[in-house]
Amino acid sequence: AGQPGGANIRVCNLSLGGATLNPGNDLFDKAIDLLLANDIVPVIAASNSGPATLTTGSPASSYSALTVGAASLAHNERILRRLQFGPEIGALYRPFAGTQTAFFSSRGPHADGRPDPDVVSNGFANFGQGSFDTASITLGSGTSYSSPAVAGVAALLRQAFPLATARQIRRAIIRSANPHLINDGSTDLDRGAGYVDALAARNLLASGRVSDAPPEPERTNKHVKVNLERSGLNVRDGHVRDT
């Protein structure tokens, strides 16, 4: 924006990066901070290194990122398995009918104790065209399929509320997410605030009660064990256990 032929980018979707030893502070993370500071909503795929904890990489580890994990909708997974193994296999392969966090979706916390992802959206057997073959419908899985859906929500919200800032859009999406749509016992370390809810985010923005304050870094300890236990994990003898 501001240059001849330039585009006024309001939302940015990214699916890239890798592991980090310094969450929130490496070069990728700082770049994401700059996007949000310049009124661009940065929607970042959490990565596919789950189901273990401490697997969300950079730049999803940025303080400013809207980090998106993957959920698995039963009907999507069943359709995929029917196509792969036969029409009678779908419900046998996926007997649980509820929505769950996808097994591959990266989890929090970070080494500084912050939970992630922020929200989840379906990332298992997503319908699309052009992912692998531009001539046919394809089914693809990964957080790289979850984050574009949330970026789409952010884009619609920016259109509906042109005066809302990127920080308000990001915060509204996180605050309005629905944890009750995830039915497998996942916690905020698995599914963040919950499944993205576009209508709830719209209503929250319409209420005028969404803060424009910038994200603040967590107060961390130099001992990773202390940070992890603050997030609800119990670390014993070098091993992390759920509490």
Side-chain angles (χ1 to χ4, degrees), residues 1-47 56-70 106 108-121 123 142-177 192-193 196-198 200-220:
Q3 296 187 19
N8 185 16
I9 298 171
R10 311 293 301 279
V11 177
C12 178
N13 177 73
L14 293 173
S15 177
L16 47 78
T20 178
L21 296 175
N22 194 17
N25 294 289
D26 70 12
L27 187 60
F28 259 151
D29 292 340
K30 295 298 186 182
I32 301 305
D33 292 339
L34 286 174
L35 286 175
L36 187 63
N38 283 277
D39 203 39
I40 299 171
V41 183
V43 185
I44 317 295
S47 75
T56 302
S58 172
S61 55
S62 165
Y63 298 116
S64 301
L66 174 48
T67 303
V68 183
S106 289
H110 296 292
D112 59 10
R114 284 180 294 138
D116 246 338
D118 292 309
V119 298
V120 294
S121 182
T143 58
S144 296
Y145 291 85
S146 309
S147 61
V150 177
V153 171
L156 290 172
L157 292 174
R158 300 226 73 167
Q159 184 179 33
F161 299 92
L163 298 182
T165 67
R167 290 192 292 257
Q168 288 175 310
I169 298 292
R170 174 185 178 273
R171 186 170 277 111
I173 290 173
I174 296 171
R175 284 183 52 194
S176 63
V196 65
D197 187 330
R202 180 214 172 275
N203 292 340
L204 186 58
L205 284 165
S207 73
R209 295 184 287 108
V210 181
S211 171
D212 188 35
E216 293 189 8
E218 293 281 337
R219 182 173 296 178
T220 60

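Only heavy atoms go into these numbers, but all of them, side chains included; no hydrogens, no water, no symmetry mates. As the structure is a computational prediction, the values presented were derived from the model and not from experiment.
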Please report the closest heavy-atom contact between [X] and [Y], naming both atoms and the distance.
| X | Y | result |
| --- | --- | --- |
| Pro59 | Asp29 | CA-OD1, 3.3 Å |
| Cys12 | Leu14 | SG-CG, 3.8 Å |
| Ala60 | Asp116 | O-OD2, 3.4 Å |
| Ser146 | Gly123 | OG-CA, 3.3 Å |
| Thr56 | Ser47 | CA-OG, 4.4 Å |
| Ser64 | Pro42 | O-CG, 3.5 Å |

Ignoring hydrogens and angles, tell me if any N or O in the side chain of [X] forms a donor-acceptor pair with the backbone of [Y] under 3.5 Å.
| X | Y | answer |
| --- | --- | --- |
| Asp197 | Ala177 | no |
| Ser207 | Leu204 | yes |
| Ser176 | Ala201 | yes |
| Ser147 | Val68 | no |
| Arg171 | Ala213 | yes |
| Ser58 | Gly18 | no |
| Asn38 | Leu34 | yes |

Does any part of the side chain of Tyr63, heavy atoms only, come nearer than 4.5 Å to the side chain of Asn25, both counted from C-beta?
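A side-chain contact under 4.5 Å exists here.
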
To the nearest 0.5 Å, tell me how far [X] [atom1] sits from [Y] [atom2].
| X | Y | atom1 | atom2 | value |
| --- | --- | --- | --- | --- |
| Arg158 | Ile9 | CZ | CD1 | 12.0 Å |
| Ile169 | Asp39 | CD1 | CG | 9.0 Å |
| Thr67 | Asp118 | OG1 | CG | 4.5 Å |
| Asp112 | Ser61 | CG | OG | 8.5 Å |

Of Leu205, Val210, Leu156, which meets side chain to side chain contact (heavy atoms under 4.5 Å, CB included) against Phe161?
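Of all the options given, the one that passes is Leu205.
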
CA sep, side-chain torsions, deciding dist, call: Ser15, Ser144, side-chain hydrogen bond (donor to acceptor under 3.5 Å, both in side chains)
CA-CA 6 Å; Ser15 177; Ser144 296; 2.2 Å; yes

Could Asp212 and Arg170 be called an ion pair, given the rule that one side-chain N must be under 4.0 Å from one carboxylate O?
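Not counted as a salt bridge, because no side-chain N and carboxylate O are separated by less than 4.0 Å.
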
